[in-house]
Protein chains: 2
Amino acid sequence: MEATSVNQVLDRAEVLCQGRGVRLTAQRRRVLSILCASPRPLGAYEILDAMRDGSRALAPPTVYRALDFLLEQGLVHKLESLHAFVGCNHPEHPHSSQFLICNACGEVTEIEDEAIARSLRTAARETGFRAQRRVVEVIGTCAGCAEKGR
Amino acid sequence: MEATSVNQVLDRAEVLCQGRGVRLTAQRRRVLSILCASPRPLGAYEILDAMRDGSRALAPPTVYRALDFLLEQGLVHKLESLHAFVGCNHPEHPHSSQFLICNACGEVTEIEDEAIARSLRTAARETGFRAQRRVVEVIGTCAGCAEKGR
DNA sequence: GGGCGGGACGTTATATCGTATCCAAACATA
DNA sequence: TATGTTTGGATACGATATAACGTCCCGCCC
């Protein structure tokens, strides 16, 4: 993501948090900005590395706490199959999206497909299951990489 | 799963592997049987504990290798959101199923919902994505636990 | 049977991911 | 300023997963 775009995301996140009465502190903002600036998902320790500031190294709990907050606020998503995190494209409304993960180039596309969401709701309802969280990750090859025969 | 049923699964797995020209060795059989006998998903280290035999403790790679094989053969599934594994209900045909995971009682239900599968295929096709693996896990409360107000 | 090759397994060590705990600093509120 | 709450720093540890290397065993061919 380009710098301008990252700033837009941060500004929107700021507005969202103010509206919700929660604090987007410097650390949280920093983690969000690192994630949004990355073209690929990042592991917690990669974020940690990116946050190190001169010689001073932060400890894992710092990053995990910030991530917990950002996850709760829907500002980032966790990719369970990668043990990694991505910034969210559209944190405005609560949503449960799906991810297409290319294992050739590493790119991850977040989609919000109503047909998938609907079929998940239907399947859950049929068994009386009350869904709280949905993990939908499709691992494979993106169009670009498939074309290049990767 | 009851003993008879576990044996049935093992026997079917044996037949499947023979048909495919791969070997369901003693270790692999052991891991599969532990998983099938468990009412809940098990972590790799839980399997490891279950495999210890008198004083002799096995090392993690032993279990992970067996799990890799069983995953490849579609005899077990990995639940990414739990870092745990379950035996497969119907390994006969290649399939990609979905999981309903109750975080109250720990029970996991494997379903094979054609509507979900279809909507995933459609979404992937629209973006030219070639799917290799699908992770679909719904975390929430099962009917029984919801009823009891958990 | 003897030799060969490849797959499976044992073992050690280590990488990677995540959390419990305790205390200090920053902040909001009055 | 006093006070309670939220946030963050630091240490230690637990949980999950893999790299690397050597050995054994099995099937195959001669």
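A note on names: the letters A, B, ... follow the listed sequences, proteins ahead of strands, and every chain is numbered from 1.
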> For A:H77 and A:F99, what are the C-alpha separation, side-chain angles and deciding distance, and is it a ring pair (Phe, Tyr, Trp, His ring centres under 6.0 Å)?
Replying inline: CA-CA 10 Å; A:H77 295 294; A:F99 299 91; 5.3 Å; yes
> Whole-Å distance between D:dT16 P and B:R65 CZ?
Replying inline: 19 Å
>> Output the rounded distance in Å from CD (A:E72) to P (D:dT6).
In response: 12 Å
> When you look at CZ of A:R12, are more than 12 heavy atoms from neighbouring residues, nucleotides or ligands closer to it than 6.0 Å?
Replying inline: yes
> What integer distance in Å separates B:K78:NZ from D:dT16:P?
Replying inline: 10 Å
> Roughly how many Å is it from CG in A:L82 to P in C:dG18, rounded to a whole number?
Replying inline: 11 Å
> Does the side chain of B:E137 come under 3.5 Å of the side chain of B:S81 through a donor N or O and an acceptor N or O?
Replying inline: yes
> Nearest nucleotide by nearest heavy atom, which residue falls closer to the 5' end of DNA chain D, A:P61 or B:A59?
Replying inline: A:P61
>> Does D:dC26 have its OP1 or OP2 closer than 4.0 Å to a side-chain nitrogen or oxygen of B:R23?
In response: no
> Quick one: B:L48 CG to C:dC9 P, roughly how many Å, whole number?
Replying inline: 14 Å
>> With a sphere of 6.0 Å drawn around CD of B:E107, does it hold more than 12 non-hydrogen atoms of other residues, nucleotides or ligands?
In response: no
> In whole Å, what is the span from the CE atom of A:M51 to the P atom of D:dG8?
Replying inline: 9 Å
> Under the criteria of a ring-centre distance below 5.5 Å and an interplanar angle below 30°, is A:Y45 stacked with the base of C:dT16?
Replying inline: no
>> For a quick test of reading the model: is some side-chain N or O of A:T62 closer than 4.0 Å to OP1 or OP2 of D:dG9?
In response: yes
>> From C-beta outward on A:P60, which listed nucleotide comes closest to its side chain: D:dC26, C:dG10, C:dT19?
In response: C:dT19
> To the nearest angstrom, how far is B:L58 atom CG from C:dA13 atom C1'?
Replying inline: 17 Å
> Considering heavy-atom distances to DNA chain C, does A:F85 or B:F69 have its closest nucleotide positioned more toward the 5' end?
Replying inline: B:F69
> Can you find a side chain N or O atom of B:H83 that sits less than 4.0 Å from OP1 or OP2 on D:dA17?
Replying inline: yes
>> What I want to check is whether the side chains of B:E112 and B:S97 have a donor and an acceptor closer together than 3.5 Å.
In response: no
> How close or far is atom P of C:dC17 from atom OH of B:Y64, stated in whole angstroms?
Replying inline: 13 Å
> How do B:E46 and A:A57 order along DNA chain D: which one's closest nucleotide is nearer the 5' end?
Replying inline: A:A57
> Can you find a side chain N or O atom of A:T25 that sits less than 4.0 Å from OP1 or OP2 on D:dT7?
Replying inline: no
